[in-house]
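Just below is one structure, and these are the notes that go with it.
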2 protein chains.
Amino acid sequence: MSRFIDKRLSSLEAYVPGEQPKPGEFIKLNTNEFPYPPAIGVEKAAADAVNNMNLYSDLSCKALSESFENVFGYDRKNVVFTNGSDEALYLSFLTFCGKECGAAYPDITYGFYSVYADLCGIESTVIPLGKDFSVNPVDYYGVNKTIVIANPNAPTGKMLTVDEVESIIINNPANIVIIDEAYADFSAQTCVKLVDKYDNLVIIGTFSKSRGMAGARLGYLIACEELVNDIQKVKFSINPYNVNSITQAVGKAVLDNDEYYTKCVNEICKTRDSFSEDIKGLGFEVVPSKTNFVFAKHKEIDGKEIAFRLRERGILIRRFDKERINEYLRISIGTPEQMKTVYSALSDIIGGY
Amino acid sequence: MSRFIDKRLSSLEAYVPGEQPKPGEFIKLNTNEFPYPPAIGVEKAAADAVNNMNLYSDLSCKALSESFENVFGYDRKNVVFTNGSDEALYLSFLTFCGKECGAAYPDITYGFYSVYADLCGIESTVIPLGKDFSVNPVDYYGVNKTIVIANPNAPTGKMLTVDEVESIIINNPANIVIIDEAYADFSAQTCVKLVDKYDNLVIIGTFSKSRGMAGARLGYLIACEELVNDIQKVKFSINPYNVNSITQAVGKAVLDNDEYYTKCVNEICKTRDSFSEDIKGLGFEVVPSKTNFVFAKHKEIDGKEIAFRLRERGILIRRFDKERINEYLRISIGTPEQMKTVYSALSDIIGGY
């Protein structure tokens, strides 16, 4: 650390992303990526955008917005596009979590919430999940902070119903509720329609998981017009051209092929459910998942040990050195073929004990 | 503004970017874009990246870094890549301009410096340029703030020598000096080598102007290892995957075709110099430019009027409603053909008076 760093940041602990090895080195099931190729037409959209990249990108993301509206039913008045959903989260923390407000979120959730709270210098109320890793809505009633809940939650994969989320919003009328729906496409449920009813709700989403754009970085935020204007103002004070023109073109092409992505998501859910059943047969306890990953621990064998043995066999999964969950493995759902390989490897490892 | 916005941000005035009209609507000379197509091979690099965009981008920007080192002579230890140079500036303000420190910059310069200062809640010392729009180095000696200077400066196009910049660094040993070299490739001069000598210097650059990537968003920051580590820490606390994989691939391909871009930059400088001479003949006073734009005012005719007449003729340039410079036009340098059209239009407009 240099002598020049802002003192306020000197104790900051940055987010630790999952390992990103060289392509092809591993069966990579550690960061919940989409296992299928892009739809036909996406590559051409990118190439066309490259040939016009000497010009600045469209500040209003007009073409992307139109395709977004066709799929999501919300237009530019209610949407902000971002450089991945991490940026949507950061902008939300920055805009709606003043020092006088603070943030509340579960103890076990996406690791970035606490990092943003620290970075913005705000106080956090960390609310423990239940024993079964459930978010208990009542714990959030009248908490008097900006509330941030991943729904479905990560890394657990568990989900609140729309009614439960609505009860949290109703019971916090003076505070913003941020619902991070990064994995919602795998859950057959979204809270987005609540935006029409509540002026204190922010929905955040990503094209990284269900639309195969983790590398191209496209996130979004849906809220009432007034909140969107607040966020736009802050975005225009940081990086107005935050979504580059190639990503805008690729995102549009992806949305224009929504049928293909829906088919892939259905396939991933099917693979997830059968893989969950399969590993239960090997002695794993599996948290019922509404996402594109499973969160599971073996009844007898140490999680760290299994992760190590999988890595030896060329399979990368994620494990968190964190109280309550350090025995668990978070395994992303790949193609059926990849999951067969994982199952064989697990079977082999467990058979060795 | 909603009732939820952080009070600290309620008076924030966002940056106002230059107008981005529909492609083809205007001869667009208002945001200093590169007027030539990308090098051969760039389109293919993007297409290949799209086919792997389901995976997260390389956090370390390894391949891009290697090509960057070939051209700039600095490797990953000394470089941070960003989502456009605006992000490099924002990260620098956030990291090195604590409340106890503040920032100092010229009164006439890139409009984002004051926006970042406001956003970060820090105090600014605004130092007037000389009558001829020169930065006077002595004005910055011992100013005891983080110093931010665009060199060449925008929108004036004037430049400090390396020795003058070095004198500012030497006379502020306890503070960071940020030199924004967005336009340096058009000046045949860079201060980057000073990074080897000083631990309080940050150089910021962009691929938007001289490498034709305004739409693809790629910026960078070069500094000593310790400062780079500070910035990386903050970057990893905001958006670790800030540079998407397509932009990384495109940036690498652009650097691998450095000869082509150098040729284009030389062509732009030649066009700039002849265009400057040509419009002097029409009664313009032209600030000698070291950039890809000229900053000029007519001796008799109102700047606003000329801008309006050019727009009527399908030519977009930039003008700032700001004291001292509201009579000036900032005209980006396009192709020789475009500048011939602009010259004819100006000649026509001025002849009408």
Does atom [atom1] of [X] have more than 12 heavy-atom neighbours from other groups under 6.0 Å away?
X: A:Glu13; atom1: CD; result: no
X: A:Lys22; atom1: NZ; result: no
X: B:Glu123; atom1: CD; result: no

Notebook entry, point to check: Relative to chain B, which segment of A:Pro21 carries a heavy atom at a distance below 4.5 Å: side chain, backbone, both, or neither?
Noted result: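 When you check distances to chain B, no heavy atom of A:Pro21 falls under 4.5 Å.
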Next item on the list: Name the region of A:Leu59, side chain, backbone, both or neither, that has any atom closer than 4.5 Å to a heavy atom of chain B.
Entry: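 Side chain of A:Leu59 only, per the 4.5 Å heavy-atom cut-off to chain B.
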Quick one: of [options], who has the most non-hydrogen atom pairs under 4.5 Å with chain B?
options: A:Asp118, A:Asp48, A:Val16, A:Asn200; answer: A:Asn200
options: A:Ala216, A:Cys224, A:Ala214; answer: A:Ala214
options: A:Arg211, A:Lys233, A:Gln248; answer: A:Lys233
options: A:Asn51, A:Val115, A:Ile231; answer: A:Asn51
options: A:Val234, A:Val243, A:Asn175; answer: A:Asn175
options: A:Asp86, A:Leu227, A:Leu218, A:Asn239; answer: A:Asn239

Interface moiety of [X] toward chain A, non-hydrogen atoms closer than 4.5 Å:
X: B:Pro38; value: side chain
X: B:Val254; value: side chain
X: B:Gln20; value: side chain
X: B:Leu94; value: both
X: B:Lys209; value: side chain
X: B:Tyr90; value: side chain
X: B:Asn83; value: both
X: B:Asn229; value: neither
X: B:Thr247; value: side chain
X: B:Phe93; value: neither
X: B:Leu119; value: side chain

Note to self: Using ring centroids (six-membered ring only for Trp), state whether A:Tyr110 and A:Tyr15 fall under 6.0 Å.
What the structure shows: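 Between A:Tyr110 and A:Tyr15, which both carry aromatic rings, the centre distance is below 6.0 Å.
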Next item on the list: Taking the six-membered ring for Trp and the full ring for Phe, Tyr or His, determine whether the centres of A:Phe34 and A:Tyr261 are under 6.0 Å apart.
Entry: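 Yes, ring centres under 6.0 Å apart.
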For the residue pair [X] and [Y], confirm or rule out a side-chain donor-acceptor distance under 3.5 Å.
X: A:Asn78; Y: A:Glu225; answer: no
X: A:Ser57; Y: B:Arg217; answer: no
X: A:Thr95; Y: A:Asp230; answer: no

Next item on the list: Please step through side chain to side chain contact (heavy atoms under 4.5 Å, CB included) for the pair A:Val202 and A:Leu221, ending with a clear verdict.
Entry: CA-CA 7 Å; A:Val202 173; A:Leu221 176 158; 3.7 Å; yes
Checklist line | A:Arg3 with B:Asp199: basic N within carboxylate O range, under 4.0 Å | finding: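 A salt bridge is present here (some side-chain N lies under 4.0 Å from a carboxylate O).
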Most chain A-contacting option - heavy-atom pairs closer than 4.5 Å, from [options]:
options: B:Leu12, B:Thr31, B:Asn54, B:Val250; value: B:Asn54
options: B:Tyr241, B:Phe96, B:Tyr116; value: B:Tyr241
options: B:Cys101, B:Pro37, B:Pro17; value: B:Pro17
options: B:Asn52, B:Thr146, B:Ile238, B:Ile246; value: B:Ile238
options: B:Ala46, B:Ala49, B:Ala47, B:Gly84; value: B:Ala47
options: B:Ser10, B:Ser245, B:Ser60; value: B:Ser245

Item checked: Given B:Val195, B:Ile176, B:Ile178, the one that forms side chain to side chain contact (heavy atoms under 4.5 Å, CB included) with B:Leu201 ->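 Exactly one candidate clears the test, B:Val195.
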Check: Can you tell if the side chain of B:Phe293 reaches within under 4.5 Å of the side chain of B:Arg318, non-hydrogen atoms only?
Finding: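 In short, these two side chains do not touch, never coming nearer than 4.5 Å.
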Notebook entry, point to check: Less than 4.5 Å apart, any side-chain heavy atom of A:Glu87 and any of A:Leu89?
Noted result: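 A side-chain contact under 4.5 Å is absent here.
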Note to self: Rounded at 0.5 Å granularity, tell me how far SG in B:Cys97 sits from CD1 in B:Ile122.
What the structure shows: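 Answer for the SG-CD1 pair, B:Cys97 versus B:Ile122, is 4.0 Å.
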Check: Which heavy atom of A:Ser237 sits nearest a heavy atom of B:Phe112, and at what distance?
Finding: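 Minimum heavy-atom contact is O-CE2, 3.3 Å.
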